Amino acid sequence: MHRRGNGRFWGRKRGDRGKGPPRDRPTFHSRNVYIVAAPLLFIFAILRIIAYQLWVVLEILVGRSKAILPSACLPNQKGKYKCQSEAEEGMSGAAKASVGPAAPALATQKHHHRKAFEYISKALKIDEEDSERKEQAIEMYKKGIAELEKGIAVNVGQGQGDHWDKARRLQQKMMTNMVMAQDRLDILASSKMWKPMKQPLAVHKSNTLPRNSRPASTGGSSSATSSPARKFSHQRQHSQQNPGGRPAKKDLSSLKLKNIDKKLAETIINEIVDTGPPVQFKDIAGQDTAKQALHEIVILPALRPELFTGLRAPARGLLLFGPPGNGKTMLAKAVANESNATFFNISASSLTSKWVGEGEKLVRTMFTLARELQPSVVFMDEIDSLLCERREGENDASRRLKTEFLVQFDGVAGSSDDRVLIMGATNRPQELDDAVLRRFAKRVYVNMPRKETRKSMLTQLLAKHSNPLTSDELSEVARLTEGYSGSDLNALAKDAALGPIRDLSATEVKTVDANKVRGIKYSDFMESIRRIRKSVPADTLSKYEQWNLEYGALGV
Ligand code: ATP
């Protein structure tokens with residue numbers, strides 16, 4: 001609002017007109033601004049640019065140092081660097097992988113690898129130099145394996161670049177180391193069991209496949225001497241006479257195996273080729289039909305190959321089916337033993353669990369080895385879990401595994417020269433794929449033991465305790481155990497054998513002279529029958545019978 005009345009207009013008195021500085025001339029203050037503030041502003045601007053440049057340089061330097069010093073290695077309060085595990089950092093490998101380079105994962109891996117190396121080196125030293133301290137070696141191997149497991153578990157992702165490649169290579173290396181350490185640990189653990197038993201050397205010898213016991217009349221001995229299988233058998237005997245020595249790389253390389261993964265082959269030889277105590281047909285109670293079938297299908301052709309040619313060529317696939325625990329595995333072992341064959345023993349379910357991701361390669365390598373080391377028996381237990389009928393939602397991996405198995409099977413079956421028998425065992429024959437059934441041309445039913453078989457099994461089992469039961473008592477136990485499988489009877493006998501120990505007090509158990517413990521009695525069996533029950537439901541048996549009628553090798 002204009003206030004003309006008090007003589008002021010826009011802050012000036014009327015009388016001031018014409019006296020002050022002209023309106024377009026700078027005031028004293030504005031001159032100060034130009035002279036003092038402008039240079040200051042200019043200097044600030046320069047400083048700001050310099051500060052920004054410095055910050056950029058520092059950022060680059062810090063970024064580089066982070067790449068060199070993994071973020072997992074942080075200085076602690078004492079100023080020393082400490083590598084933290086992923087768990088300590090509270091950050092998952094996957095999260096790390098997504099936020100930065102592979103260096104932290106690599107550092108964590110290296111940390112575990114170094115620790116594993118320390119433990120395993122100690123274990124090896126004790127193992128090689130001091131046979132009295134096996135316990136300690138076992139402990140060290142276990143710790144080493146635990147560290148390797150942690151190292152392998154570090155997520156090395158799918159990232160590209162030097163660090164990621166290194167991390168993946170290290171992971172592979174740790175896996176190989178772990179397999180080797182585990183092998184060694186298994187040997188030590190089993191030799192620890194043998195030691196107190198003071199097994200004579202002959203027992204170790206008998207653990208090998210008795211190729212050298214092949215009768216000269218079979219005509220196979222001379223050729224066998226020069227075959228890779230013969231060499232291998234010799235190496236195995238040698239290694240088993242020195243518990244701890246295993247057929248390692250050197251042994252395999254002497255077989256001149258081509259185009260196969262040597263490490264995997266080594267693992268197969270250590271883990272899948274069975275070197276347990278040999279089983280003979282006479283160790284298996286009953287199962288006469290199955291034994292006769294196997295004899296005709298496998299043993300005779302193996303012993304007289306020249307008779308079994310052309311249409312008489314032996315079947316390459318043989319299926320043992322029936323309720324669990326009745327000697328399928330024992331029969332397969334006996335077949336391998338009595339036909340002087342290398343025995344590859346693998347459970348199909350381990351292909352999809354233990355050998356996950358490597359199943360196809362393993363199957364391929366195993367068949368190559370089986371051909372190299374022939375005559376061979378490839379025994380696949382629980383075959384239904386691998387070769388069941390195709391289902392909705394079956395994943396690609398298991399489909400590929402199944403296909404690989406069938407391809408390899410056909411490869412072996414198609415070659416008339418190869419002496420490789422594939423034996424499958426299953427408790428669920430109904431679930432097998434038609435394509436699989438076609439390949440297992442011979443199907444042998446391994447049934448539940450009848451009363452007489454049960455009696456002879458019990459006699460066999462009690463032989464180690466000087467057969468304390470009379471024939472009538474044995475018959476009665478056999479009668480009462482109707483529906484028991486072979487392995488149920490085994491469990492029953494073991495439980496009854498503990499009867500005399502149960503009669504003792506805790507102090508007596510510690511001090512009693514082993515010769516003064518009373519013998520096993522009929523009453524112990526009666527007690528145990530109440531505890532150890534049969535494991536195969538009666539109604540499932542009729543399904544096996546039915547399947548046998550439809551698909552089994554009847555009346556062999
Ligand atoms: P699964 O189907 O569960 O693999 P399986 O039929 O292969 O079982 P085995 O592993 O051969 O059975 O046998 C299990 C155990 O039962 C053997 O170690 C043995 O102690 C005992 N056994 C079973 N059948 C017999 C038999 N006929 N004679 C002697 N022992 C037997």
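Both counts, for ligands and for their atoms, begin at 1 and track the order of listing. Predicted model, so just to flag it, every value in this text is computed and none were measured.
- Residue contacts with ligand 1 for N490 involve side-chain atoms from C-beta outward but no N, CA, C or O (heavy atoms, distance under 4.0 Å).
- In the model, N345 has no side-chain atom that pairs as donor or acceptor with a side-chain atom of K333 under 3.5 Å.
- Side-chain atoms of V335 and F379, non-hydrogen and from C-beta on, never get closer than 4.5 Å to each other.
- Considering only non-hydrogen protein atoms, atom 24 (N) of ligand 1 sits nearest to N326 C, 3.2 Å.
- Counting the atoms of ligand 1 from 1 in the order shown, those under 4.0 Å from a heavy atom of I284 are 26 (C), 27 (N), 28 (N).
- Nearest protein heavy-atom contact of atom 4 (O) of ligand 1 is D381 OD2, 3.5 Å.
- Heavy-atom distances between G325 and ligand 1 reach below 4.0 Å in at least one pair.
- The neighbour count for R518 CZ, taken as heavy atoms of other residues, nucleotides or ligands under 6.0 Å away, is above 12.
- Numbered from 1 in the order shown, with element, the atoms of ligand 1 that lie under 4.0 Å from a heavy atom of S487 read 14 (C), 15 (C), 16 (O), 23 (C).
- Of all the heavy atoms in A285 and M457, the pair that sits closest is CB-CG, 3.1 Å.
- Closest of all the heavy-atom pairs between I383 and F405 is CD1-CZ, 4.4 Å.
- The single protein non-hydrogen atom nearest to atom 12 (O) of ligand 1 is G327 N, 3.2 Å, given as residue, atom name and distance.
- Here the closest heavy-atom approach between residue V536 and residue P323 is recorded as CG1-CB, 3.8 Å.
- Y445 places no side-chain N or O within 3.5 Å of a backbone atom of T289 that could act as its donor or acceptor partner.
- Taking any N or O of P323, backbone or side chain, none lies under 3.5 Å from an N or O belonging to ligand 1.
- Protein heavy atom closest to atom 28 (N) of ligand 1, with residue, atom name and distance, is A285 N, 2.9 Å.
- Only the side chain of N427 comes within 4.0 Å of ligand 1, judged by heavy-atom distances.
- Residue nearest to atom 31 (C) of ligand 1, selected from K333, E382, Q460, M330: M330 (by heavy-atom distance).
- Residue contacts with ligand 1 include D283, since one of its heavy atoms falls under 4.0 Å from the ligand.
- The environment of NZ in K442 is sparse: at most 12 heavy-atom neighbours from other residues, nucleotides or ligands sit within 6.0 Å.
- For the atom pair E338 CD and Q280 CD, the distance stands at 6.0 Å (nearest 0.5 Å).
- The closest non-hydrogen atom to atom 10 (O) of ligand 1, taken over T329, L320, V279, comes from T329.
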